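Chain A is the first sequence line, chain B the second, and so forth, proteins listed ahead of strands; every chain is numbered from 1. Since we're looking at a predicted model, the values are computed, not measured.
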There are 2 protein chains.
Amino acid sequence: MTDKLPACPVEITLQLIGNKWKVLILRDLLDGTKRFGELKKSVTGITQKVLTSNLRSMEESDLVTREVFPEVPPRVEYTLTEIGYSLKPILDSMAVWGYEYKSRLNK
Amino acid sequence: MTDKLPACPVEITLQLIGNKWKVLILRDLLDGTKRFGELKKSVTGITQKVLTSNLRSMEESDLVTREVFPEVPPRVEYTLTEIGYSLKPILDSMAVWGYEYKSRLNK
DNA sequence: CGGTATCCAATTTGATACTG
DNA sequence: CAGTATCAAATTGGATACCG
């Protein structure tokens, strides 16, 4: 996270969410706080290892916070920070485009 | 490209541009038609092999067209299709976010 | 110039087992 | 439950050479 930032703003964004899994994690956290296990279910196809490493990296970039509840069994919750939440417009435009791309194919 | 499309519109979009290089190629082609060599220069850090394979896959998804001019030396131009161009709002929101993320760090 | 082919190194991922 | 550790397998990436 102490990487130097590229000059191009698009590249800055890519540096933080330029990977499929992060976008999907983001999509699901935009609906609200989720537990590790919930994310594992909702982000279809992701493995535990990959989910963990992406969450760690998103934590480092201050996109998500991780809260551990000292219970048995343990519970860990992930929540978007304000910065993380501010990515919503990007996700929204991706959703709009995907939807229209699909409609177009059905014509 | 005959892959089945996911139900989630965000995933559809990711299937087509869910990789760093495609986004950067897109960013540069939004400014207009470019030759292979120009892209290789403007997409900093990309290798010939990776540029070629991404352009092929974007062609298959109908995001770009490839035009070969039978000259010596040969010239090959890449242009966004209408569908490819319609991705602009996504790139725009990524640029806006990246810009604001950077400003925030400077405070 | 704009590729393709080949080979090899590096990175990423997957599967499984184990633990506080 | 939410991880970490480990090792093998698969995918991706770089370097180089060659071609129409």
Side-chain angles (χ1 to χ4, degrees), chain A residues 1 3 6 11 14-26 28-29 31-61 63-81 84, chain B residues 1 3 6 11 14-26 28-29 31-61 63-81 84:
Chain A
M1 183 52 199
D3 314 328
E11 288 185 51
L14 284 174
Q15 199 161 77
L16 298 174
I17 55 159
N19 122 13
K20 170 183 161 174
W21 296 122
K22 285 180 189 165
V23 176
L24 294 178
I25 291 168
L26 209 48
D28 292 337
L29 289 181
D31 292 336
T33 297
K34 286 219 160 59
R35 297 179 61 164
F36 184 84
E38 291 181 285
L39 283 172
K40 191 160 176 317
K41 252 184 232 168
S42 62
V43 181
T44 313
I46 201 169
T47 63
Q48 196 166 34
K49 188 170 151 185
V50 173
L51 177 56
T52 300
S53 84
N54 277 287
L55 285 170
R56 292 287 176 281
S57 126
M58 292 169 81
E59 238 188 300
E60 253 198 284
S61 318
L63 301 181
V64 307
T65 56
R66 174 175 185 265
E67 189 176 9
V68 181
F69 296 85
E71 308 170 351
V72 176
R75 180 162 52 113
V76 179
E77 290 187 347
Y78 293 91
T79 306
L80 290 181
T81 60
Chain B
M1 183 50 201
D3 315 327
E11 288 185 51
L14 285 174
Q15 200 160 77
L16 297 172
I17 55 159
N19 121 15
K20 169 183 163 174
W21 296 123
K22 285 181 188 165
V23 175
L24 294 177
I25 292 168
L26 209 49
D28 292 336
L29 289 181
D31 291 335
T33 297
K34 286 221 160 57
R35 297 180 60 166
F36 184 85
E38 291 182 284
L39 282 173
K40 192 162 175 320
K41 251 184 233 166
S42 62
V43 181
T44 313
I46 200 167
T47 62
Q48 196 165 34
K49 188 170 149 184
V50 172
L51 177 55
T52 301
S53 83
N54 277 286
L55 285 169
R56 292 288 176 279
S57 125
M58 292 169 81
E59 239 188 301
E60 254 199 283
S61 320
L63 300 181
V64 307
T65 56
R66 174 176 185 264
E67 189 174 10
V68 182
F69 296 85
E71 308 169 352
V72 177
R75 179 161 53 109
V76 179
E77 290 187 348
Y78 292 91
T79 307
L80 290 181
T81 60

Inset, instruction - List in numerical order all residues of residues 36-49 of chain A for which some heavy atom is under 4.0 Å away from an atom belonging to DNA chain D. - result: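 Residues of residues 36-49 of chain A that come under 4.0 Å of DNA chain D are, in numerical order, A/Phe36, A/Gly37, A/Gln48, A/Lys49.
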Legend entry - Terminal contacting nucleotides, 5' and 3', DNA chain C versus chain B (heavy atom, 4.0 Å):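 Range of nucleotides touched by chain B: C/dC1 to C/dC7.
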I'd like to check the side-chain hydrogen bond (donor to acceptor under 3.5 Å, both in side chains) partners of [X]; sequence neighbours left out, ordered by chain and number.
X: A/Thr47; value: none
X: B/Thr65; value: none
X: A/Ser57; value: A/Lys22
X: A/Thr79; value: A/Thr33

Inset, instruction - Indicate the atoms forming the closest heavy-atom contact of A/Leu55 with A/Val64, along with that distance. - result: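 Nearest pair, atom of A/Leu55 first, then A/Val64: O-CG2, 4.0 Å.
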Inset, instruction - Just grab all the salt bridge (Lys or Arg N to Asp or Glu O under 4.0 Å) pairs involving residues 36-50 of chain A, residues at least two apart or on different chains. - result: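 Listed by first then second residue: nothing to list.
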Inset, instruction - Sorted by first residue and then second, give each salt bridge (Lys or Arg N to Asp or Glu O under 4.0 Å) pair with at least one member in residues 50-59 of chain B; sequence neighbours left out. - result: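 Listed once each, the pairs are B/Arg56-B/Glu59.
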Legend entry - Angle of first-five versus last-five pair axes in the helix from C/dC1-D/dG20 to C/dG20-D/dC1, to 10 degrees: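 That helix has its two terminal axes inclined by roughly 60°.
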Inset, instruction - Using the test salt bridge (Lys or Arg N to Asp or Glu O under 4.0 Å), find all partners of B/Glu71 that sit at least two apart in sequence or belong to another chain. - result: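 Counting only residues at least two positions away or on another chain, B/Glu71 forms a salt bridge (Lys or Arg N to Asp or Glu O under 4.0 Å) with B/Arg75.
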Legend entry - Touch class at under 4.0 angstrom, heavy-atom based, for B/Tyr78 against every strand present: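 Sugar-phosphate, no base atom in range.
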Inset, instruction - Using heavy atoms to find the nearest nucleotide of DNA chain D for A/Thr52 and A/Pro74 separately, return the residue whose nucleotide is more 5′. - result: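 Closest to the 5' end, via its nearest nucleotide, is A/Pro74.
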Inset, instruction - Using the test side chain to side chain contact (heavy atoms under 4.5 Å, CB included), find all partners of B/Val72 that sit at least two apart in sequence or belong to another chain. - result: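 Checked B/Val72 against side chain to side chain contact (heavy atoms under 4.5 Å, CB included); zero matches.
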Legend entry - Start and end of chain A contact along DNA chain D [non-hydrogen atoms, under 4.0 Å]: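 It runs D/dC1 to D/dC7.
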